[in-house]
Visitor: 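Below is the structure I would like to discuss, written out as structure tokens.
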Amino acid sequence: MDFSAVSYALETIDKLTQEVTSLWGVDEQVEGLASELRWMQSFLKVADARKVDHEVIRTTVVEIRELAYDAEDVIETFSIKVASKRKGGFSNCIKRSACFLKEGCLLHQIKSEIEKITARIKVLTRQLKTYDVSKLGVDGEGPSSSTERREARRPYPHVMDDNIVGLGKDIEKLVSVLVDEESECKVLSICGMGGLGKTTLAKKIYSQSQVVGHFKHLAWVYVSQNCQKRKVWEDILSDFNLLSEADKKMKVEKLAEKLSSFLEENKCLVVLDDIWNTESWDSLKPAFSARETRSKILLTSRNKEIVSHADSKGFLYELQYLNYKQSWELFQKIAIPPTNSPGYKIDAKMKELGEEMVKHCAGLPLAIIILGGILATKYPSLIEWLKVSANVKSYLNNDKGEVLRDVLALSYDDLPPYLRPCFLYLSHFPEDYEIPADRLIQLWVAEGIVSSKQEEGEEGQVAEDVAEGYLLELAERCMIQVRERDIATLKIRSFQMHDLMRDVCLSKAKQQKFLYIADQSNACQLSTIGRVRRVSAHKFIPLQCIKSPRLRSLLLFDELLPDEEQANIFPLTMQSYFDNHDFDNPLYWFVAPLMLSVVFTKFRGIWKYMFNNFNFLRVLDYEGGGEAGCKLPNDIGKLIHLRFLRLRDLEFLSSKLPSSLGNLRCLQTLDLRIEGGCSNSIHVPNVLWRMQQLRHLYLPEECNRKTKLKLGTLRNLQTLVNFNTKNCYVKDLINMTNIRELEIRGPFNIEDCNTGELDKNPPIIHSKYLHSLSIINEEGIIDPRHLAHLLLSCENISKLRLDVEIRRLPEYHYLSSNLAYIKLRRCKLEEDPMPTLAELPYLSMLELHEEAFIGKEMFCSGQAFAKLESLSLKGLNFLEEWKVSEEGAMPCLRRLEIENCIQLKKLPDGLRFIATLQELKIESMPTTFKDKVEEGGEDFCKVRHVPSIIVDARFSSIL
């Protein structure tokens, strides 16, 4: 049940009520509104805790969310337009007295709106009070839909599925761990998304002769979301033939003690199928508390976190999706009835259709089984298969696909309240879209889905840290698929959703009216829906179709006005003339500006409609980039509620941004990485200092010489990208005490720097949270002494990227000992950097690219790079010899990449002693070097122990 909107509205009210003097005129109304919202929040929490799934409750949640959003809008409008102007000072009093009548009218309007919202909430409250949630059965009278789904999924270990594909290696691996007497692992867990085959795999293991012969007693228990510890313990004792009538009346503590003693004294295997969370394990573990035991526990779960929680030495086995070959094999077993005819082959057209349909299942066994079952009833009718092929998803969502929907929906049912809106928010993104974690987290925070109240927790986590934890929890629950992790911290950088899990997300979002996904087929319906709060447009839609003045977020994944739409706005005669004449025709130069004027007028109309009609926008995100008109209009300053504004890759003819951006004082994320049509350099007005709530700021890659920004007031800033000393002030960095990621692009010079005694200079940065520093300058050189002084202020960074000429690497004591990742590019180091870098105790990944080093020899001495796992050497055109000590250099190296180092003569001899090396990749190297590495070559003996050796067929032109 999503009551995050109520929580966020209350938080907004609480912030305002802290300034009691500002509430004069609306204090009673605000307090009455807050009181009603608190009651509503308490009611929804109780209903959610009791798993109440009543239609009235579901409808009310949608209505109360709308009212909470309205309340937040009104309160924030009061805060911005009235309360913020009630400041002391003679000049301010004069200004206020001049606008007293206007303020009085606004105050009356706000008071009236708050009273209307409160009255509407009271009506809902009276309706809900007629429902006693302590007595209300889930879904009113009978069992809830989620309860029925759980019961329908109850497995029986003796019922085996014959349609099994691709589990051979999984069974072999898990059985070997289970029967290993010397292993300290007592708990094993098979994890994965619903429908992946966890229970099927556990059944196969449970019935293996090697397992049955190894363990004296075996028990299988179905736990499910509704974990009842007494029933679980009794079921285990029953499988052991130990449960007596007396045990059924025994105190639960004694029952746990009996089971624990038996597990300690005997060699037993207990399978706990479908355990959902750590709380369930904690309730069960008193019976599994024996320390010295040969018994083992096998779990199946959608939650990866449980096994490490249950056993610090536990074994986590993540079940993988079927590859295409396995998917097709499983599909054939089910969809095509077996035949005794020798040499029988499936019809070529049906095979083509089947192969295409299987792709929609994306390797999920349950989806393949259901699709195969549907098609088996229609075999061998090609016409019927064509019908299914035309819309596979609708068939997977019909009555026969109900099992699949129910299995995946259980994952949503089990989500705690704080995770549900986070999950539903993922429905904004298109199918197969790789979602950047940092952008999603910024959107969550901007929308209030991760409440800022959580920042006041005991650990003092900022909202982004809380959101990061939520994202990790979704990954641990197998509801998202991680695609990329941060090199240094292993935090999630990007992820995707399985198509079928995304369908569940879309279905739930639609059911709860969480957002509206618009495209050209349904855009016209938007004009009839007046209460849309969130719109996500995956393809171009005319924004004028959106008639909701209370729109909160707008995400656009296509261009603002694609070329084909631009073509439609011209008269046919004008377009025809333009297409059929060249530059030499004088009239061409008359028609071309006219057409350009028409296009710019169209763009201006789009922007004007947006800025004049969507005054309550919190999020405005442009993904598609592309042409955006003559300039960003001044009217953008009307969107005073904006928290998130992303203009990246939009192209404006004018390179000047409006000063009205300074009105957007609620902004938390601002991305100004736009492109100018006439000039690559952008002018940013000096108004950003007003945005004191900014947390993430992305400046244009290049600002013009007139831009000079004061950023010292941005104390909440966590991300600052494209900072430089030409357009900004170095002294402002000291005030950014919360900065986490800093990217410097362009010149970086420190005025009045004592280069003789660097430690005598004041620190440049005073943030203990800074973990990533990048310096990029494609044209100039940075003074290595200025660099050393900057690095001295960055004592906690774990990532360092230098893409700038420095000639000399700072000495070791200037570098953070926490560095885990370093990338050097175009640094033109004249001295071997390896002796300095080798001392870094936690360095796990090192990349030296494109003239990072211009010397001829490089040496990794003994005991160097103790934690290095990945080394990449690319474009070191002057490197002739690389030596690696035979006395333990790089003892943890797993991956080595050498590319386009055209003068390098051979691989170092020391590689033969690096037993951990798993992958060697050679690309764009001379033929002579390649021949030495391949089997039979003189260098092959140095790397014959490496499992994966990839030698690219592309060579350098120098042979």
Visitor: Are the charged groups of E172 and K169 less than 4.0 angstrom apart, N to O?
Guide: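 The answer is no: the pair does not qualify as a salt bridge.
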
Visitor: Is any side-chain N of the basic residue among K304 and E318 closer than 4.0 Å to the acidic one's carboxylate O?
Guide: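 Here K304 pairs with E318 in a salt bridge, since their nearest N and O are under 4.0 Å apart.
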
Visitor: Would you call D486 and K799 a salt bridge, taking side-chain N to carboxylate O under 4.0 Å as the test?
Guide: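 Here D486 pairs with K799 in a salt bridge, since their nearest N and O are under 4.0 Å apart.
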
Visitor: Do S427 side-chain atoms and C505 backbone N/O form a donor-acceptor pair below 3.5 Å?
Guide: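 No; judged by distance alone, with no hydrogens or angles, the pair does not exist.
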
Visitor: Look at atom CZ of R894 and say whether more than 12 heavy atoms of other residues, nucleotides or ligands are closer to it than 6.0 Å.
Guide: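 Open.
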
Visitor: Measure the CZ-CD1 distance between R302 and I190 for me, rounded to the nearest 0.5 Å.
Guide: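 Taking CZ in R302 and CD1 in I190, the distance rounds to 14.0 Å.
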
Visitor: Okay, side chain of H538, backbone of H428: is any donor-acceptor separation there less than 3.5 Å?
Guide: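 Indeed, once roles are kept as given, a pair shorter than 3.5 Å links the two residues.
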
Visitor: Under a 4.0 Å threshold between the charged nitrogen and the carboxylate oxygen, would E355 count as salt-bridged to K359?
Guide: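 Not counted as a salt bridge, because no side-chain N and carboxylate O are separated by less than 4.0 Å.
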
Visitor: Answer yes if the ring centres of Y622 and F557 are under 6.0 angstrom apart, and no otherwise.
Guide: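 Ring centroids of Y622 and F557 are no less than 6.0 Å from each other.
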
Visitor: Contact between V212 and S207 at the side-chain level, heavy atoms closer than 4.5 Å - yes or no?
Guide: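 Heavy-atom side-chain distance check fails, nothing below 4.5 Å.
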
Visitor: To the nearest 0.5 Å, what is the distance between CG (L440) and CG (L426)?
Guide: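 Reported to 0.5 Å precision, the distance equals 6.0 Å.
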
Visitor: Would you say D239's side chain and W220's backbone share a donor-acceptor pair under 3.5 angstrom?
Guide: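 At least one qualifying donor-acceptor pair exists.
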
Visitor: Distance check, rounded to the nearest 0.5 Å: I480 atom CD1 versus R502 atom CZ?
Guide: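 Those atoms lie 15.0 Å apart.
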
Visitor: Among V223, I306, V187, which residue satisfies the side-chain contact (heavy atoms from CB on, under 4.5 Å) criterion with L272?
Guide: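 Result for side-chain contact (heavy atoms from CB on, under 4.5 Å) with L272: V223.
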
Visitor: Using modelled atom types and a 3.5 Å cut-off, is there a donor and acceptor pairing between side-chain atoms of Q326 and backbone atoms of N323?
Guide: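 Checked: pair present.
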
Visitor: Would you check, one step at a time, whether the test side chain to side chain contact (heavy atoms under 4.5 Å, CB included) holds for M479 with L415?
Guide: CA-CA 10 Å; M479 299 185 78; L415 288 177; 3.6 Å; yes

Visitor: Does atom NZ (K513) have a neighbourhood of more than 12 heavy atoms from anything else shown, all under 6.0 Å?
Guide: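 Not more than 12 within 6.0 Å, no.
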
Visitor: For I950, I'd like to know if atom CD1 has over 12 heavy atoms of other residues, nucleotides or ligands within 6.0 Å.
Guide: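 Atom CD1 in I950 is crowded, with more than 12 foreign heavy atoms closer than 6.0 Å.
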
Visitor: Kindly indicate whether a cation-pi arrangement holds for R534 with F514, taking the cut-offs as under 6.0 Å to the six-membered ring centre and within 45° of the axis.
Guide: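 Satisfied, under 6.0 Å and within 45°.
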
Visitor: With side chain to side chain donor-acceptor pair (under 3.5 Å) as the criterion, how do E447 and Y425 come out once you've worked through the C-alpha distance, each side chain's angles and the decisive distance to 0.1 Å?
Guide: CA-CA 10 Å; E447 289 249 36; Y425 205 87; 2.9 Å; yes

Visitor: Relative to each other, are the rings of W281 and F288 parallel, tilted or perpendicular (30° and 60° limits)?
Guide: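 Because their plane-to-plane angle is under 30°, the rings of W281 and F288 count as parallel.
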
Visitor: Can you find a heavy atom in the side chain of K333 that is under 4.5 Å from one in the side chain of V165?
Guide: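 Sidechains of V165 and K333: in contact.
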
Visitor: Indicate yes or no for a side-chain donor-acceptor contact from Y206 to the backbone of L201 under 3.5 Å, with no hydrogens or angles considered.
Guide: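 Not confirmed, Y206 side chain does not pair with L201 backbone.
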
Visitor: Would you mind telling me which of E434, E464, E623 makes a salt bridge (charged side-chain N to carboxylate O under 4.0 Å, His left out) with R439?
Guide: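 Between R439 and the candidates, salt bridge (charged side-chain N to carboxylate O under 4.0 Å, His left out) is satisfied uniquely by E623.
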
Visitor: Closer than 3.5 angstrom, by distance alone: can the side chain of D558 be matched with the main-chain N or O of F540 as a donor-acceptor pair?
Guide: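 The answer is yes, because a donor-acceptor pair under 3.5 Å joins these two groups.
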
Visitor: Has the side chain of E919 got a donor or acceptor atom that lies under 3.5 Å from a matching backbone atom of L917?
Guide: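 Here the side-chain-to-backbone pair does not exist.
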
Visitor: Is there a donor-acceptor pair under 3.5 Å between the side chain of K198 and the backbone N or O of G192?
Guide: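 Indeed, once roles are kept as given, a pair shorter than 3.5 Å links the two residues.
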
Visitor: Do K296 side-chain atoms and V177 backbone N/O form a donor-acceptor pair below 3.5 Å?
Guide: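 Such a contact is found between K296 side chain and V177 backbone.
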
Visitor: I'd like to know if the side chain of S844 and the backbone of A820 have a donor-acceptor N/O pair within less than 3.5 Å.
Guide: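 Yes; at least one donor-acceptor contact below 3.5 Å.
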
Visitor: So, do Q481 and H498 sit near enough that their side-chain heavy atoms are less than 4.5 Å apart?
Guide: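 Q481 vs H498: side chains touch.
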
Visitor: Would I297 and L188 satisfy side chain to side chain contact (heavy atoms under 4.5 Å, CB included), going step by step from the backbone distance to the final call?
Guide: CA-CA 6 Å; I297 298 168; L188 296 82; over 6 Å; no

